[in-house]
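Take a look at the structure below.
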Amino acid sequence: MGSYVPPRRVTNHDLEQILDTSDEWIRTRTGIVERRVVNEGVVTSDLALAAAKAALADAGLGPADLDLIVVATGSPDMLWPSTACVLQGKLGAGCPAFDVSAACSGFVYGMSLVEGLVAAGQYETVLLVGADALSRHLNWNDRSTCVLFGDGAGAVVIRRVDGEGDMLGSVLRADGRDADILKIPAGGNAIPPSTESVEAHLHYITMNGREVFKFAVRTTCAIVEEVLGRANVALDEVTYVLFHQANQRICDAAAEGLGLPKERVPGNIDKYGNTSTASIPLLVDELYRAGSLEAGNIIVTVGFGAGLTWGANVVRWSKGGHG
Ligand code: UT7
């Protein structure tokens, strides 16, 4: 595993200087205290590269060992080529590469996809990266969205092994009828870039926060129960349930719905905000580096986001503390 966040911290107090908002509002409504934001010129593939290098170093592998690169992102460097191809070039790997687009569920979707490809014997060693620089797609005058997001990347090298590590179950879901409640409207061919689209702020994230909140609370508990049923694992056997870090209140409501104590639902939204596809691998890597994951631990990861998409994976961890 590896992860990366850009060094520039933007605190709630910094945002108080440019917006009609307050540290108190942001902290109590979301749990966020600060987030990381890329500097001008830094793009998603740069974040992905740093996380990928850290994951490869952790795995004791080099770019030439990779058979496939998959990048989950909702903020690609450009429409095409894919961010995975740009990353492949920056890494100097020679393997096929493509992106997965499932917004904040991207990493959970990617894990499920890659596990299937590896289990089927199509690829031996796969690099999966969740990377987003959503700060580049925010309207920094819109307090209802810009306070929520941050930038980062997390990566994992997935390999078929004999031993403890395993994916025990996976459930993916989508409901495109609600595509409008969270989106970046322009930039694709529905609304190509134009002076009008820029003036109307259509290249920025737009969101009906309340509806997304209700959707997240509604779906997260149910999908944990469903994926555990599919994996034939009891909730008591699970060490951690790791929710996409979108809002601490969503995580708290889901934990309460499942009857889980706080220690089994760790989070880091206070430090990073919502980093979209990076949030789950950032959190897993943080636990891993802190020595909080032991061989044989079972973790459930839960993603939800634009699409609408949501999903969950059950993973049995194979390694002890970092290294
Ligand atoms: O990865 C998935 C992506 N998105 C999410 O998961 C977001 C899910 N939704 C949420 O997290 C919450 O809905 C928000 C944090 C976005 C908003 O919290 P809320 O409790 O649903 O607030 P609200 O939208 O109902 O707004 C309440 C008030 C409004 O003022 P009035 O109309 O009551 O006077 C807003 O204008 O809070 C105001 N408000 C703010 N005030 C200070 C909205 N944003 C801010 C802000 N600072 N940044």
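One-based numbering, in listed order, for ligands and for the atoms of each. The structure displayed is predicted, hence computed values, not measured ones.
- When atom types are taken as modelled, the side chain of S75 and the backbone of A133 share a donor-acceptor pair closer than 3.5 angstrom.
- Ranking protein heavy atoms by distance to atom 9 (N) of ligand 1, first place goes to G209 O, 3.0 Å.
- A distance-only check finds a donor-acceptor pair linking the side chain of R264 to the backbone of V238 [under 3.5 Å].
- Protein heavy atom at the shortest distance from atom 30 (O) of ligand 1 is R143 NH2, 4.3 Å.
- In terms of protein heavy atoms, atom 11 (O) of ligand 1 is closest to N247 ND2, 2.7 Å.
- Counting protein heavy atoms under 4.0 angstrom from atom 34 (O) of ligand 1 gives zero.
- Put simply, the side chain of L68 reaches to within 4.5 Å of the side chain of L117, judged on heavy atoms.
- Counting heavy atoms under 4.0 Å from ligand 1, residue N274 touches it through the side chain alone.
- Ion pair E226/R173 flagged as a salt bridge, since at least one NZ, NE, NH1 or NH2 atom sits closer than 4.0 Å to an Asp/Glu carboxylate oxygen.
- Scanning the protein for heavy atoms near atom 22 (O) of ligand 1, the closest one is R29 NH1, 3.3 Å.
- The distance from ligand 1 to the heavy atoms of S144 drops below 4.0 Å at these ligand atoms: 44 (N).
- Of all the heavy atoms of V147, the ones lying under 4.0 Å from any atom of ligand 1 belong exclusively to the side chain.
- Counting only heavy atoms, the protein never gets under 4.0 Å from atom 14 (C) of ligand 1.
- In terms of modelled atom types and a separation under 3.5 Å, the side chain of E199 and the main chain of S197 share no donor-acceptor contact.
- Interface of T30 with ligand 1, defined as ligand atoms under 4.0 Å from a residue heavy atom, comprises 15 (C).
- S105 and H244 are not linked by any side-chain donor-acceptor pair at a separation below 3.5 angstrom, with hydrogens and angles left out of the test.
- Not a single heavy atom of A216 sits less than 4.0 Å from an atom of ligand 1.
- Side-chain contact of T21 with R143: a donor-acceptor pair under 3.5 Å is absent, judged by distance alone.
- With a heavy-atom cut-off of 4.0 Å, W25 touches ligand 1 through its side chain alone.
- For atom 25 (O) of ligand 1, a protein heavy-atom neighbour is found at a distance under 4.0 Å.
- Looking at D77, its side chain never comes within 3.5 Å of a backbone N or O of T83 through a donor-acceptor pair.
- Residue-to-ligand polar distances place R210 within reach of ligand 1: an N/O pair is separated by less than 3.5 Å.
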Where do E24 and R29 land on the salt bridge (Lys or Arg N to Asp or Glu O under 4.0 Å) test, with the steps shown first? CA-CA 8 Å; E24 208 259 332; R29 298 286 177 125; over 6 Å; no

Verdict with reasoning, R9 to D14, per salt bridge (Lys or Arg N to Asp or Glu O under 4.0 Å): CA-CA 9 Å; R9 288 185 155 83; D14 294 332; over 6 Å; no

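- For atom 47 (N) of ligand 1, the closest non-hydrogen atom of the protein is T21 OG1, 2.6 Å.
- Taking only non-hydrogen atoms, the option from H244, Q245, M207 nearest to atom 4 (N) of ligand 1 is M207.
- Close contacts of ligand 1 with C104, meaning ligand atoms under 4.0 Å from a residue heavy atom, involve 1 (O).
- Looking at N12, its side chain does come within 3.5 Å of a backbone N or O of I32 through a donor-acceptor pair.
- The protein non-hydrogen atom at the shortest distance from atom 16 (C) of ligand 1 is L148 CD1, 3.8 Å.
- In terms of protein heavy-atom proximity, atom 5 (C) of ligand 1 is nearest to V212 CG1, 3.6 Å.
- In plain terms, the two heavy atoms of A131 and A153 that are nearest each other are CB-CB, 3.8 Å.
- Of all protein heavy atoms, the one lying nearest to atom 6 (O) of ligand 1 is A246 CB, 3.2 Å.
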